[in-house]
Amino acid sequence: MPELPEVETIVEQLKKRILGKNVVKVEVLDSIVDKPISKLTPFRIKNIYRRAKTLVFELDNGRYLFVHLRMTGHFHYLTAQQVASDKEKLVKVHRFLAAKFYFEDDGLLTYNDIRRFGFVKLFDKKQLEKELAKLGPEPLSEEFTLKMFIEMLSKKKNSVIKTLLMDQHFLAGLGNIYAQEVLYLAGIMPLRRTGTLSLEEIKELHRHIKELLELAIKHKGSTVDNYAHVDGSGNFQNYLVVYGRDKCPKGHVLKKIEIGGRGTSYCSECQK
DNA sequence: TGATATGTTATCTT
DNA sequence: CAAGATAACATATC
């Protein structure tokens, strides 16, 4: 599932391919993509960036595409050459095609989404700012200091730490995979209430959040289930220590419980 | 066949 | 009010 490192990877790859390019035609094939987008052409892709697990495409007409992949949203890009040679394959592969963006140079960007939970919305600046304002701080930003993290936690003393880490309004970008990983690395039981965390534990957690996400981005994210980025797959799943595993790196058998309706693995030896 | 997996949000419950 | 639980959404895969 795309969490922060996966979305960051997708943004980097999209930038390489379509930044500054002109879109001459858009076909909207599914209601998860705002229909009016097809009436905006031509427009230029002025910028692309990530906020939490959301992608934002800044267009040169003052509007924005606000994209959330949720669990199974995918972008796929074909160069003009690939479009010419892969036409049949393209139709077959994209069974859940939701939109096609045709570029001036004959390149083609497609958006498809098997479970149709994701969306592509058309926003003006006000709508965009309103949506982005709801999200918590970016864990990799300078702004997210230890001091700030301590303050944030002190306002949520009764929350279960794992649930809180996954709450996008609290902190942006962590999902079920990286929340579990970071808690293992920091040696903290997922069910702990934030009010019971020592200063030392908060420090460890803060440090590992930044380190883990940066490392995962270096590996172009994790490929689990059917996540894939624009041109292939990341390999960070090979480095995950608790998610989808039976034993922790020290060989202890992991326990599996449910927190907030989501599977959660942890090690009762290493996490207290 | 049915359990499981997933991100987010609305709604119900404690 | 706070916050947890649950359902809902869709579909593939085991």
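Order of the sequence lines sets the chain letters (A, B, ...), proteins ahead of strands, with each chain counted from 1. Note that the coordinates shown come from a computational prediction; the quantities given were computed from them, not determined experimentally.
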request  = Check the pair Leu205(A) / Phe149(A) against side chain to side chain contact (heavy atoms under 4.5 Å, CB included), numbers first and verdict last.
outcome  = CA-CA 10 Å; Leu205(A) 193 53; Phe149(A) 192 40; 4.0 Å; yes

Rounded distance in Å - [atom1] ([X]) to [atom2] ([N]):
X         : N       : atom1 : atom2 : result
Phe170(A) : dT8(B)  : CZ    : P     : 15 Å
Phe96(A)  : dA10(C) : CZ    : P     : 12 Å
Lys53(A)  : dT6(B)  : NZ    : P     : 11 Å
Ile257(A) : dT4(B)  : CD1   : P     : 15 Å
Leu4(A)   : dT8(B)  : CG    : P     : 11 Å
Ile177(A) : dG7(B)  : CD1   : P     : 7 Å
Asn176(A) : dT8(B)  : CG    : P     : 11 Å
His74(A)  : dT11(C) : NE2   : P     : 14 Å

Would you say [N] has OP1 or OP2 under 4.0 Å from some side-chain N or O of [X]?
X         : N      : value
His68(A)  : dG7(B) : no
Tyr243(A) : dT6(B) : yes
His169(A) : dT8(B) : no
Gln168(A) : dG7(B) : no

request  = Sequence neighbours left out, what passes side-chain hydrogen bond (donor to acceptor under 3.5 Å, both in side chains) with Glu27(A)? Give chain and number order.
outcome  =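 side-chain hydrogen bond (donor to acceptor under 3.5 Å, both in side chains) list for Glu27(A), sorted by chain: Tyr102(A).
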
message = Is there, by distance only and without an angle test, a donor paired with an acceptor across the side chain of Arg115(A) and the base of dT6(B) below 3.5 Å?
response =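 Per atom types, the contact qualifies.
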
inquiry  = Go through it in stages, so that I can follow the logic: the residues are His206(A) and Phe144(A), the test is ring-ring contact (aromatic ring centres under 6.0 Å, His included), and I'd like the CA-CA distance, side-chain angles, deciding distance and then a yes or no.
reply    = CA-CA 9 Å; His206(A) 179 261; Phe144(A) 182 61; 4.9 Å; yes

ask   = For residues 129-141 of chain A, which residue pairs qualify under salt bridge (charged side-chain N to carboxylate O under 4.0 Å, His left out), counting only residues two or more places apart or in two chains?
value =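 Only Arg50(A)-Glu138(A), Arg51(A)-Glu138(A), Glu131(A)-Lys134(A) qualify under salt bridge (charged side-chain N to carboxylate O under 4.0 Å, His left out).
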
ask   = Honestly, is Lys121(A) close enough over Phe123(A), meaning NZ or CZ under 6.0 Å from the six-membered ring centre and within 45° of the axis?
value =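 Checked: cation-pi criterion not met.
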
ask   = Hey, what do you get for OH (Tyr184(A)) to CD (Gln271(A)), rounding to the nearest 0.5 Å?
value =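 Those atoms lie 7.0 Å apart.
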
Name the pairs: protein N/O against N/O of nucleotides 2-7 of chain C, kept only if under 3.5 Å.
residue: dA3(C); atom: OP2; partner: Lys156(A); partner atom: NZ; Å: 3.3
residue: dG4(C); atom: OP1; partner: Val160(A); partner atom: N; Å: 3.1

Pairing residues for Phe57(A) by the ring pair (Phe, Tyr, Trp, His ring centres under 6.0 Å) criterion, not counting sequence neighbours =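 If we apply the ring pair (Phe, Tyr, Trp, His ring centres under 6.0 Å) test to Phe57(A), skipping adjacent residues, the hits are Phe75(A).
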
ask   = Do Phe117(A) and the base of dC9(C) stack face to face, with centres under 5.5 Å apart and an angle between planes under 30°?
value =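 Taking the rule of under 5.5 Å and under 30°, the ring of Phe117(A) does stack on dC9(C).
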
task = Estimate the overall bend of the helix from dG2(B)-dC14(C) to dT14(B)-dA2(C) from the end axes over five pairs each, rounded to 10 degrees.
result =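 Overall, the helix from dG2(B)-dC14(C) to dT14(B)-dA2(C) bends by 50° from one end axis to the other.
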
message = Looking at His208(A) and Glu181(A), would you say the former's side chain and the latter's main chain have a donor-acceptor pair under 3.5 Å?
response =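 Checked: no pair found.
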
Under 3.5 Å, side-chain donor or acceptor atoms of residues 190-201 of chain A against the rest of the protein: list the pairs with distances, not counting sequence neighbours.
residue: Arg192(A); atom: NE; partner: Thr196(A); partner atom: OG1; Å: 2.8
residue: Arg192(A); atom: NH1; partner: Glu201(A); partner atom: OE2; Å: 3.3
residue: Arg192(A); atom: NH1; partner: Lys272(A); partner atom: O; Å: 2.6
residue: Arg192(A); atom: NH2; partner: Thr196(A); partner atom: O; Å: 3.0
residue: Arg192(A); atom: NH2; partner: Glu201(A); partner atom: OE1; Å: 2.8
residue: Arg193(A); atom: NH1; partner: Asn158(A); partner atom: O; Å: 2.8
residue: Thr194(A); atom: OG1; partner: Lys156(A); partner atom: O; Å: 2.4
residue: Thr194(A); atom: OG1; partner: Lys157(A); partner atom: O; Å: 3.2
residue: Thr196(A); atom: OG1; partner: Arg193(A); partner atom: O; Å: 2.8
residue: Ser198(A); atom: OG; partner: Glu201(A); partner atom: N; Å: 3.1
residue: Ser198(A); atom: OG; partner: Glu201(A); partner atom: OE1; Å: 3.4
residue: Glu201(A); atom: OE1; partner: Ser198(A); partner atom: N; Å: 3.0

